[in-house]
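Labels below follow one simple rule: chain letters A, B, ... track the order of the sequence lines, proteins then strands, and each chain is numbered from 1.
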2 protein chains.
Amino acid sequence: MTRIKETLETLSRKTGYSTTTVSRVLAGKAEQYRISKEAVRIIKREAEKSDFIPSSVAQSLRTHRTNTIGLVIPSVDNQYFAHLAHVIIEEARERGLMTIILSSMEDESNERIAIRSLVSRKVDGIILVPSGTDPFFAEETDETIPIVLIDRYYTVGSRLSYVGTDNYQGACDAMRYLVDNGHRRIACIQGPEDSSPVRERTRGYQDVLDQVDPDGYRCIAGDSFTVENGYMETKFLLNSDVPPTAVFALSNTILLGAVQAARESKVSVPGDLSLICFDDSVFMDYLSPAVTRIGQPTYEIGVLATKLLIKRMNGADIRENRILLPPKLILGQSVRSI
Amino acid sequence: MTRIKETLETLSRKTGYSTTTVSRVLAGKAEQYRISKEAVRIIKREAEKSDFIPSSVAQSLRTHRTNTIGLVIPSVDNQYFAHLAHVIIEEARERGLMTIILSSMEDESNERIAIRSLVSRKVDGIILVPSGTDPFFAEETDETIPIVLIDRYYTVGSRLSYVGTDNYQGACDAMRYLVDNGHRRIACIQGPEDSSPVRERTRGYQDVLDQVDPDGYRCIAGDSFTVENGYMETKFLLNSDVPPTAVFALSNTILLGAVQAARESKVSVPGDLSLICFDDSVFMDYLSPAVTRIGQPTYEIGVLATKLLIKRMNGADIRENRILLPPKLILGQSVRSI
DNA sequence: TATCTTTGCACAAACGATTGCGCATAACAC
DNA sequence: GTGTTATGCGCAATCGTTTGTGCAAAGATA
C-alpha cells in the first residue's frame with residue numbers, strides 16, 4: 001500500500017534531500033554527480049524500506065522511452081503464433097523490455113487500430129505480422145518507430161525489415177519429398193492468397209511439379225488458415241473423380257481439417273492418402289500416423305526479429321533488411337512411398 | 001511522420017486555439033464547455049489532417065489511468081494459457097483496454113518481478129496465475145491495484161478474488177467415469193503439489209476411490225505439468241508389478257507424455273491401458289484414440305475474470321469473491337469398459 | 001587574506017496531456 | 001445606463017520523473 005503511493009517527492013521529504021538527488025542516487029548516477037556516500041546510504045535505505053517503485057509513466061514522459069515493444073499478431077490462440085510470441089516476450093524481457101500483444105485477427109483494419117494504439121503508447125518498437133496488403137501506414141510509422149515484420153511481408157516493394165522462413169524452400173522440400181516417394185497427383189490446400197507465405201509456398205509447389213511433371217495434375221484449393229478450410233477442401237478432393245494421392249497442407253490448422261476429413265471418409269493415411277504440411281507442433285508427433293511436416297524456425301525468427309528491432313531502436317540504420325531462415329523437414333509416417 | 005510528432009501544443013499553434021480548447025474538443029467535451037461550432041470544426045479538421053495521436057503516456061500521468069491491464073501467466077507457450085490469454089486480450093480490447101503479458105515460467109521470483117513491473121507501469125488492474133505460495137506481495141498490491149487470480153489460488157486464506165474451474169468436481173467426474181467403466185486400479189499423475197488445482201484434483205481422485213473401494217489401490221505420482229513428467233511416471237507405472245488399468249493425467253502435457261510412454265512400450269490404449277486427463281485441446285480429438293478428458297471452461301474463465309477485474313477497477317468493492325465454474329466431461333475413446 | 005577548485009547538492013524547466021477556475025465580451029432585462 | 005446572465009475561451013497548476021545549470025560551502029593554493 002505504501003509502496004505504490006511512494007514518489008520521489010515523498011522520498012525527498014523523508015530523507016531531506018531534493019528529488020534531484022534522490023533520482024540520481026536511485027538511477028545509479030551518484031558517482032557521476034558526486035553525491036556523498038552518506039546521502040547515498042540514507043536514500044537507498046529509505047527507498048528500500050518503503051519499497052519505492054518509480055513511475056514508468058513519468059519516466060517515459062520525460063525520457064521519451066517506454067522500454068516497451070508492441071507485438072501485433074493474428075491471434076495468440078494459434079500454436080505457431082503463440083510460440084513466436086513466447087520467444088519474443090522472453091527475448092525482450094531479457095533485455096528489459098515489456099511486450100504488449102495485440103491481435104489483429106487477420107483483419108487489416110484491426111491491424112491499423114493496433115498500430116495506432118501502439119504509437120499512442122509511445123512504444124519503442126513494433127514487431128508485426130502484417131494482415132493487410134497496404135504497407136503505407138506501417139511504412140509511415142516506421143519513419144519514427146522501428147517496425148520489424150515477421151512471418152509475412154507486404155506485397156509490393158516495401159522497404160520494411162523482415163524476418164521469416166524461406167517458405168519457397170520449405171515448399172520445395174515438402175514437394176520433393178512427395179515426388180521422391182513417387183507422388184505426382186498432389187493437391188495443395190492453401191491459406192489466403194494475398195499472404196506472402198502462401199504465395200511463396202504455392203510457387204514451390206508449382207515449380208517442383210513443373211520440373212518433374214510439366215503437364216501433369218495441378219490443384220491449388222482453399223483460401224484460409226483454418227481447420228474448416230482444410231476439412232472442406234479435403235472433402236472435395238476425396239470426392240473428385242481422380243483423387244490426389246497426396247495432399248500438401250499449407251498450415252497446421254489446414255492439416256487438422258484434412259486429417260478429420262480423411263478419418264470421416266474412412267480414407268487411410270498414408271495408405272490411401274499421403275499428408276504433408278507446413279508448421280511444426282508438439283502434437284504432430286502424437287497423431288497416428290505422425291505427420292511429416294516442414295518445421296519453421298520459430299525460435300530463431302523470434303530471437304532475430306527482436307534483436308534486429310532492438311538494434312534499430314538503438315539507432316542502427318538498417319532499414320532494408322530481409323532475413324530468410326531455412327525450414328526443416330521433419331519426418332513422420334504420413335507419406336507413403338508409391 | 002508528422003503524425004507522430006504532433007502534440008496539443010502544435011495543434012494549438014496551427015489553429016490559434018489554446019491547448020485547453022483543443023483538448024476539450026478532441027475529448028468530445030465541446031458541448032460541456034461551450035466551445036463554438038466554428039472552433040470545433042477548425043480543430044477537428046486540423047487534427048484529422050495531421051492525423052493527431054495523443055500521447056497516452058502524458059494522459060496517464062495526468063489522469064492516473066493507463067487503460068492497460070497486466071496478465072501474468074506461466075507461459076503463453078501452452079495451449080491452455082494461450083487460449084486464456086487470447087480470451088482476455090480480446091475481452092479487454094473490447095472495453096478499450098490493452099494487455100501486457102508477462103510470463104512467470106512457474107517461478108515465484110519471476111512472478112514478483114512481473115508484478116513490480118506492472119505496478120511501475122501503473123496498470124489499472126492485474127490478472128494473475130499465481131506460481132508461488134506466498135500471497136503477501138500480491139495481496140499488498142491488491143490494496144491499490146485490483147488483482148484477480150485465475151486458474152489457481154494461493155494456499156492459505158488469502159482474500160484475493162479468484163475465477164477458476166471447479167477442479168474437485170472435474171476430478172470426481174473423471175474418476176466416476178473410470179469407475180463406472182469398471183476401473184479400480186487407477187493411477188493419478190499430478191503436477192506440482194503446491195498448486196491448488198493439483199490439490200483439488202487429487203482430492204477428487206481420493207474421494208471417489210474412498211467411496212467405491214476404501215482399501216484398494218492408490219497411486220499419486222509425478223510433480224510437474226510437463227510432458228517429461230507424464231512420460232516418466234507412465235513408464236514407471238507400466239513396469240510396476242501390477243500396473244494400473246487406467247491413468248488419470250492431471251494436465252494436457254502430462255497426457256502427452258503418457259501417450260508417448262504407452263506407445264513406446266507397445267501398450268495399447270485403451271486396450272491395455274485407459275487414459276483420461278484434465279484440459280481440453282483441439283488436438284485431443286485427433287489423437288488415436290481420441291482422448292476422454294475434462295475440459296475447463298477457459299472462455300468463461302477469461303471473460304468472467306476480465307469483467308470482475310474491470311468492475312473492481314471501477315471501484316466496486318467486491319474483494320472476496322471466488323467463482324468456480326463447472327468443467328465438462330468430453331468423451332473420446334481412450335477409456336475401455338472392463 | 002584573497003583567489004581558485006572541488007565538493008555536494010538544489011532550482012526550475014521540461015515532457016504532453018487534463019482541469020478548476022476565472023475573465024472578457026456580448027446579450028439581455030429593466 | 002446599469003446590473004445580470006450567458007457565451008466562449010484561456011491561464012496556470014498538476015501528474016512524477018529527469019537533467020542542464022547554478023550556487024553555496026569547504027578545501028586548496030598562493
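A donor-acceptor contact under 3.5 angstrom links the side chains of B:T68 and A:R121, judged on distance only. One side chain, A:T10 or A:E6, offers a donor N or O that lies under 3.5 Å from an acceptor on the other.
In this structure, A:S36 reaches the C:dC9 phosphate: one of its side-chain N or O atoms is under 4.0 Å from OP1 or OP2. A close approach under 4.0 Å does not occur between any side-chain nitrogen or oxygen of B:K122 and OP1 or OP2 of D:dG16.
Checking C:dC9, D:dG16, D:dT19 against the side-chain heavy atoms of A:A58 singles out D:dG16 as nearest. The side chain of A:F52 lies closest to D:dT17 when the candidates are D:dT17, D:dC9, D:dT19. Closest approach to the B:H64 side chain among D:dG16, C:dC9, C:dA10 is made by D:dG16 (side chain taken as heavy atoms from C-beta onward). Considering only side-chain atoms of A:S23, the nucleotide from D:dC9, C:dA17, D:dT19 that sits closest is D:dT19. Distance from the side chain of A:Q59 is smallest for D:dT17 among the nucleotides C:dT7, D:dT17, C:dG20.
B:K37 comes within contact range of no nucleotide atom at all, as no heavy-atom separation falls under 4.0 Å.
Contacts between residues 14-22 of chain B and DNA chain D, defined by a heavy-atom separation under 4.0 Å, are made by B:G16, B:Y17, B:S18, B:T20, B:T21.
Looking at A:I145 and A:V119, their side chains come closer than 4.5 Å, going by heavy atoms from C-beta outward.
The ring pair (Phe, Tyr, Trp, His ring centres under 6.0 Å) search around A:Y153 returns A:Y162, not counting sequence neighbours.
The side chain to side chain donor-acceptor pair (under 3.5 Å) test with A:S131 singles out one residue from A:S104, A:S103, A:S195, and that residue is A:S104.
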